[in-house]
Protein chains: 2
Amino acid sequence: MTREIPDIVIGRLPIYLRELIRLTEDEGKINTSSHELGKRLGISSAQIRKDLSHFGEFGKQGTGYHIHYLVEQLREILQLTKEWDVAVVGAGYLGHALAHYHGFEHRGFRISWIFDSDPEKIGQQMDQLIVQDVSQLEKVVSENHIKVAIIAVPASHAQEITNRLVTVGVRSILSYAPIHLTVPSGVEISYSDPVIQLQRMTYYL
Amino acid sequence: MTREIPDIVIGRLPIYLRELIRLTEDEGKINTSSHELGKRLGISSAQIRKDLSHFGEFGKQGTGYHIHYLVEQLREILQLTKEWDVAVVGAGYLGHALAHYHGFEHRGFRISWIFDSDPEKIGQQMDQLIVQDVSQLEKVVSENHIKVAIIAVPASHAQEITNRLVTVGVRSILSYAPIHLTVPSGVEISYSDPVIQLQRMTYYL
DNA sequence: TTAAAATTGTGAAAACTTACACGAATAAGT
DNA sequence: ACTTATTCGTGTAAGTTTTCACAATTTTAA
């Protein structure tokens with residue numbers, strides 16, 4: 001037992017979580033089934049059941065899943081029962097958009113800090129935050145035990161910022177820089193480059 | 001022959017393309033090998049060779065790949081030899097960031113239109129563009145034969161905008177709305193929800 | 001000229017992921 | 001009370017993807 005759970009399974013859990021919350025909060029549903037959830041997400045019901053079975057038995061034959069209970073279980077599994085403080089590095093247009101985006105709230109994250117190197121931007125207010133000097137990055141991140149960061153700097157600075165973040169304890173990084181980043185094992189990295197996504201789709205046009 | 005090429009292979013081609021361009025433009029390299037490319041991307045050399053072998057024989061034993069030639073081949077495969085006009089729907093902070101981002105240039109895309117429904121925003125200039133009334137969406141998209149769009153509207157409007165885009169011929173959609181969208185077959189969709197990405201990583205913390 | 005090193009493309013094996021299909025449990029309907 | 005519907009969890013089969021390993025070719029070096 002205690003088998004390693006495939007990354008691909010972990011990757012689907014947040015999708016299930018998001019749809020389950022939509023199902024209760026927007027549509028007032030109390031229960032759902034693997035079939036209903038799968039139909040809404042374009043995923044087979046068998047896959048949803050198999051994925052969840054890695055973690056326990058959350059459903060009931062004949063009835064399906066009690067949404068509130070399943071949501072709580074998924075939150076536990078994904079460690080979303082507390083809110084993670086997130087540092088954003090880069091206060092350009094993208095950093096600005098991230099600072100103003102309220103979609104992090106109630107989903108496990110709070111953008112707590114934003115950094116930039118431009119003296120024009122340092123001290124400026126962005127939503128609830130004040131842009132910090134990136135020279136304070138190490139100090140702030142280590143003092144506040146920040147584990148999660150978002151990189152919104154140009155490609156030319158992304159690897160250096162990554163190295164600095166990792167050195168002071170950051171272990172989950174979402175990067176918007178259009179470049180592959182090297183991180184030590186034990187550090188998770190995820191990329192978002194809109195061009196890569198568009199290029200994949202133009203193949204099928 | 002003429003076997004269907006796996007989606008997962010198509011998905012890696014843009015990554016290879018991006019790194020190859022970096023290799024020539026930033027580092028002045030003329031040739032590379034599957035081993036070098038793989039090492040830089042954290043992908044096995046065998047996988048790179050196997051992926052490329054779906055489309056032809058682009059390398060030379062003993063030497064590896066001529067980067068310029070391989071880049072041109074990948075651009076052909078991904079249909080990036082022309083520039084695709086892209087419509088952005090939603091001129092909030094995110095639409096603003098997309099309009100000002102110059103990373104689309106030389107990579108096969110040009111943000112050509114941006115739409116919003118807010119009268120305060122319509123007519124405003126964003127980088128080179130003027131925000132258009134979303135009521136003109138169908139007219140503009142069909143008249144300009146736009147095939148690629150980016151959705152940057154709230155979740156509550158994303159499905160409606162998607163439907164309208166698809167109706168007038170859009171076939172590749174990148175959505176930043178935190179919601180699963182339903183599209184007819186033949187339409188490609190790709191999602192970018194930072195929270196989903198962060199939630200996947202917190203599992204490992 | 002010959003030997004050693006580098007590198008490709010690929011068939012086959014291994015590993016991984018998804019889909020099928022069914023027993024068991026529950027709920028709904030007659 | 002009995003029958004029919006639903007739905008879960010899961011062992012197994014099928015399908016997909018990655019890795020291995022090697023013949024063939026080219027380059028480099030002695």
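Note on naming: letters A, B, ... go to the chains in the order of the sequence lines (proteins, then strands), and numbering restarts at 1 for each one.
Among residues two or more places apart in sequence or in another chain, the side-chain hydrogen bond (donor to acceptor under 3.5 Å, both in side chains) test is passed with E138(B) by R164(B). For R171(B), the side-chain contact (heavy atoms from CB on, under 4.5 Å) partners are L205(A), K147(B), not counting sequence neighbours. Residues passing the side-chain contact (heavy atoms from CB on, under 4.5 Å) test with S44(A), sequence neighbours excluded: A46(A), Q47(A). Residues forming a side-chain contact (heavy atoms from CB on, under 4.5 Å) with A155(A) (at least two apart in sequence, or on another chain): P178(A), I179(A). With sequence neighbours left out, S45(A) forms a side-chain hydrogen bond (donor to acceptor under 3.5 Å, both in side chains) with R49(A). For Q136(B), the side-chain contact (heavy atoms from CB on, under 4.5 Å) partners two or more places apart in sequence, or in a different chain, are D133(B), K139(B), V140(B).
Separating the NZ atom of K50(A) from the P atom of dC16(C) is a distance of 16 Å, rounded to the nearest angstrom. Between the CZ atom of R49(B) and the P atom of dA6(C) there is a distance of 14 Å, given to the nearest Å. Atom-to-atom, NE2 of H66(B) to C1' of dT8(C) comes out at 17 Å; the value is rounded to the nearest Å. In this structure, L70(B) atom CG and dT8(C) atom P are separated by 11 Å, rounded to whole Å. Taking atom CD1 of I5(A) as the reference point, atom P of dC16(C) lies 15 Å away to the nearest angstrom. For H54(B) and dG11(C), the NE2 to C1' distance is 13 Å, given to the nearest whole Å. Here the P atom of nucleotide dC20(C) and the CD1 atom of I48(A) are 14 Å apart, to the nearest Å. If you measure from atom CG of L52(B) to atom P of dG9(C), you get 7 Å, rounded to the nearest angstrom.
Protein chain A contacts DNA chain D over a range whose 5' and 3' limits, counting nucleotides with an atom under 4.0 angstrom from a non-hydrogen atom, are dT6(D) to dT12(D).
In terms of modelled atom types and a separation under 3.5 Å, the side chain of E27(B) and the main chain of E25(B) share no donor-acceptor contact.
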Provide a list of protein-nucleic acid N or O atom pairs under 3.5 angstrom, restricted to nucleotides 27-30 of chain C.
none

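Counting heavy atoms from C-beta on, the side chains of E36(B) and K29(B) come closer than 4.5 Å. Using a 4.5 Å cut-off on side-chain heavy atoms (C-beta onward), R12(B) and V9(B) make contact. Residues V148(B) and V170(B) fail the side-chain proximity criterion, which asks for heavy atoms closer than 4.5 Å.
A stem is defined here as three or more consecutive Watson-Crick or G-U pairs, each with both distances under 3.5 Å; for DNA chain C these stems are C:1-25 with D:6-30, C:27-30 with D:1-4.
Annotated as anti: dA5(C), whose O4'-C1'-N torsion sits more than 90° from 0.
Looking at residues 25-35 of chain A, you'll see S33(A), S34(A) sit with a heavy atom under 4.0 Å from some atom of DNA chain D.
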Identify all side-chain donor-acceptor contacts of residues 104-118 of chain B below 3.5 Å with residues at least two apart in sequence or on another chain.
{"from": "E105(B)", "atom 1": "OE2", "to": "H102(B)", "atom 2": "ND1", "distance (Å)": "3.4"}
{"from": "R107(B)", "atom 1": "NH1", "to": "D193(A)", "atom 2": "OD2", "distance (Å)": "3.4"}
{"from": "R107(B)", "atom 1": "NH2", "to": "D193(A)", "atom 2": "OD2", "distance (Å)": "3.1"}
{"from": "R110(B)", "atom 1": "NE", "to": "D85(B)", "atom 2": "OD1", "distance (Å)": "3.4"}
{"from": "R110(B)", "atom 1": "NH1", "to": "E83(B)", "atom 2": "OE1", "distance (Å)": "3.3"}
{"from": "S112(B)", "atom 1": "OG", "to": "D85(B)", "atom 2": "OD1", "distance (Å)": "2.6"}
{"from": "S112(B)", "atom 1": "OG", "to": "R110(B)", "atom 2": "O", "distance (Å)": "3.2"}
{"from": "D116(B)", "atom 1": "OD1", "to": "D118(B)", "atom 2": "N", "distance (Å)": "2.9"}
{"from": "D116(B)", "atom 1": "OD2", "to": "A91(B)", "atom 2": "N", "distance (Å)": "2.7"}
{"from": "D118(B)", "atom 1": "OD1", "to": "E120(B)", "atom 2": "N", "distance (Å)": "2.8"}

N/O donor to acceptor pairs below 3.5 angstrom from side-chain atoms of residues 55-82 of chain B, sequence neighbours left out:
{"from": "E72(B)", "atom 1": "OE2", "to": "R75(B)", "atom 2": "NH1", "distance (Å)": "3.1"}

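Across all non-hydrogen atoms, the minimal contact from Y176(B) to P194(A) is OH-CB, 3.4 Å.
In this structure, S192(B) OG and L94(B) CG are separated by 8.5 Å, a value rounded to the nearest 0.5 Å.
Nearest-nucleotide positions on DNA chain C for F58(B) and R12(A) put F58(B) closer to the 5' end.
OP1 or OP2 of dA19(C) sits under 4.0 Å from a side-chain N or O of S44(A). Between Y65(A) and dT26(C), a side-chain N or O to OP1/OP2 separation shorter than 4.0 Å is absent.
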